[in-house]
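Written out below as structure tokens is the structure these notes cover.
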Amino acid sequence: MSACVPAPADSARTKHVHPPHSPPPGPRRFRIAGADVSASIAVFLIALPLSLGIALATGAPLQAGLVAAAVGGIVAGRIGGCPLQVSGPAAGLTVVTADLIQQYGWRTTCAITVLAGLAQLGLGCLRVARSALAVSPAIVHGMLAGIGVTIAVAQLHIVLGGTPQSAVPENLAALPAQLANLHPADVAVSALTLTLLFLWPRLPGRVGRVLGKLPAALIAVAAATALAALTGLRLPKVDLPSWSSHALAALPDGPVLGLVAAVLTTTLVCSVQSLLGAVAVDKLVAARPGLTGRVRRSDLDRELLGQGAANVVSGSLGGLPIAGVAVRSSANVAAGAVSRNSTMLHGGYVVIAALLLVPALELIPLASLAALVMSVGLKMVSLNHIRTVTRHREVLVYAVTTGGVVFFGVLEGVALGIAVAVGVALHRLTRTRITHEETEGGHHIHVRGQLTFLAVPRLSRVLHQVPHGADAVVELDGSFMDHAAYETLQDWQKTHTAQGGSVDITGRRPGLRISEPVEVDDCRCRPWTAWRNHQCERPPTATAPPDAGSQDTTGVADLTGGTGGAGGREGTTTSSPTDLARGISAFQRNTAPHVRGELARLAREGQQPSQLFLTCADSRVVTSMITSSGPGDLFVVRNVGNFVPPPGEESGDDSVAAAIEYAVDVLKVRSITVCGHSGCGAMQALLGTEPGGAQTPLKRWLRHGLPSLARTPGCGDGAGGPRLAGRAAADTAERLCLANVVQQLEHLRAHESVSRALAAGGADGGLELHGMYFHVGEAQAYLLAEEAGEDGEAVFRRVLETDLTA
């Protein structure tokens, strides 16, 4: 094999050669993907009955729900920063809007919606959208749960054939009388609607999978409408007045402070719900294979601008306030939408339905819409959210917010929730438990919680209970220490040490430096610190006398005698067994106490890794560090060049094939990753080795890289070859490293155990193969993308660009 040397350029020719002029590109044709069309229909079928139901629940004209749905789809869909989020009248705004209509009337409520939209535009221009995410999730979930309870209790009266009151206490008080005076027709229609809403998504078998694609809300309302029409039931139905009499916004009329509070409340609820919805849509997009590269992450400031513009237009046209809607957004993503065209098309369908389907819409019973909205309200009280806030010890914040919204109102409930959240945070910050225990080995002081100046008196009192000259251990179980507490600890430690005692200050979390005690060896080393960078427990060498600016460079990177780079390191001395012993000693003293419990569990249960990680033996590739993994996470196979020899070409060494078979068939790993890296010595050897000569073990091993060499541009018949997204490969060696990862994945698929696992698949996804490239100098990982580039070649993307951490 010969090295790849680029052909010399002919300067005499290239000097006068100009690239041919290409014709100017023509105008781009507007195209709508078929996936967007089908998704828009699915969203429209959900949005139509929900929009009417939410308008009914607020007491607004029913056309207002259709106006808001159309404007939310077209305006917010076109301007907003979250392409797949669907906006419209939201259940979370029902209570706010109902209170405004009752207090100020419909036309003034429309004006408040316009002013709230202008406020959103101002906030979007100030680029403060991210600040809304600082609100505690417990407050947001509590607010939505309170709104859901309010909606459900109010709509229950319509389901039973009555009329709801203005507040939850009045509705609860009137419920016994309502139960004693049931309207059978309304109850029958509502019961059918609720039954279909519950059962339709759970239809079994193949028929269920086919019919389940139709929205349950549409089927439930359509069935209830058909029942009412066929049986001739006499009950209230949808009444859509003529559009010529539709009420538009008027100048706000009412007390100034009340109107300001109303605008702020509407702005807060609309903005927080929309921004949190955009974040949730990003997570849904990241979970859909193949969609991450096509749909960008949400621009929250632009989303706020889009929501503001939509509220201005909706309020001006007599529509309900608008926000991002979780149900329709998740349906949009699940239906396969790939761009904002889906949202805009659904808004257009709503306009057509509002103009042409009025006779059909007026057949819908109000009890059916009330049952639909009641089910939405009940779903807003999420058991998953309750479990989450309980696990994070924020159930008090959630409960207070929910109760405040139910009994006092949205703004009052949120204010109560914020006050309780601040109180809980201050309580956690100031609650510090300090215990002192005398053991056979000395005195043990345990500090639980954050160590601030408020705890300094108690800390000082406990520390002075330790007798002079005794051995003491101070264990800090917290993540914060202020300056006053730090100085108290340090002063006591110096005094106690000077009196003949010993002090060991530790933290319970591995690698966490809560304090910096002054010790004789002044050790600051982390578990992964390379030996050459250890400046503790080592006397100065004769060749490098210590001074103010000197740095100890004793030791090398690995135990294999390698230099860790071409040409070695000047100024370093060789490693000695003492370096290894010191490293083991540091592990036993600093790291082992923290991992002993986990290793004991693994020793009892055996290894159960989910990943096989096949990478190079290069000493600079630290698998546990670059993957943030720990004991038991990865089954690691390392060899020179991260090669996977094809079956039958093991040259008498079946170790790699045996490891693959064991990982797939015995350990049942779920994925296999082949990881190459920059500056690989095996790739350099492939490029520089001449054919012929003695067949050393290294040369015989490197022959497994010849297929990779053949597919590398400039080294074989490979055209284009794998590439990095965002930048060109630095040199031929880097191109070969990328091609080698792709080639070894092909070798991997040829192994019987791997091909069998890939073919088996299954509901759980089966075995997955991944390619990875780690640039050592940049400390940057690249993953092989599932989709190919425009030229059809494999593309490696930065891990952060693949949105895996979302």
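It should be emphasised that the depicted structure is a prediction, and the values quoted were computed from it without experimental measurement.
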Between [X] and [Y], a side-chain donor and acceptor under 3.5 Å:
| X | Y | result |
| --- | --- | --- |
| Gln611 | Ser671 | yes |
| Thr108 | Asp253 | no |
| Ser87 | Gln307 | yes |
| Glu768 | His770 | yes |
| Thr193 | Ser368 | yes |

Can you confirm whether [X] is buried at [atom1], in the sense that more than 12 heavy atoms of other residues, nucleotides or ligands lie under 6.0 Å from that atom?
| X | atom1 | result |
| --- | --- | --- |
| Arg302 | CZ | yes |
| Asp482 | CG | yes |
| Leu426 | CG | yes |

Report yes if some heavy atom in the side chain of [X] is under 4.5 Å from a heavy atom in the side chain of [Y]; otherwise report no.
| X | Y | answer |
| --- | --- | --- |
| Leu305 | Gln120 | no |
| Ser190 | Gln155 | no |
| Ile158 | Thr163 | no |
| Leu56 | Leu366 | yes |

Ring geometry between Phe44 and Tyr349 (parallel below 30°, tilted from 30 to 60°, perpendicular above 60°): perpendicular
Heavy-atom closest pair, residues Ser51 and Gly65: CB-O, 3.5 Å
Please report the interatomic distance [atom1]([X]) to [atom2]([Y]), rounded to the nearest 0.5 Å.
| X | Y | atom1 | atom2 | answer |
| --- | --- | --- | --- | --- |
| Ile101 | Arg107 | CD1 | CZ | 14.0 Å |
| Leu93 | Thr265 | CG | OG1 | 11.0 Å |
| Leu66 | Leu361 | CG | CG | 6.5 Å |
| Ile418 | Ile139 | CD1 | CD1 | 5.0 Å |
| Arg297 | Asp282 | CZ | CG | 5.0 Å |
| Gln85 | Leu275 | CD | CG | 8.5 Å |

Do side-chain atoms of [X] reach the backbone of [Y] as a donor and acceptor pair under 3.5 angstrom?
| X | Y | answer |
| --- | --- | --- |
| Thr113 | Thr109 | yes |
| Asn332 | Leu84 | yes |
| Arg202 | Phe198 | yes |

salt_bridge(Asp301, Arg127) N-O dist < 4.0 Å: yes
Residue pair Leu100, Thr266: steps toward the side chain to side chain contact (heavy atoms under 4.5 Å, CB included) verdict: CA-CA 10 Å; Leu100 294 179; Thr266 307; 3.7 Å; yes
Residue pair Val153, Leu172: steps toward the side chain to side chain contact (heavy atoms under 4.5 Å, CB included) verdict: CA-CA 7 Å; Val153 173; Leu172 293 175; 4.0 Å; yes
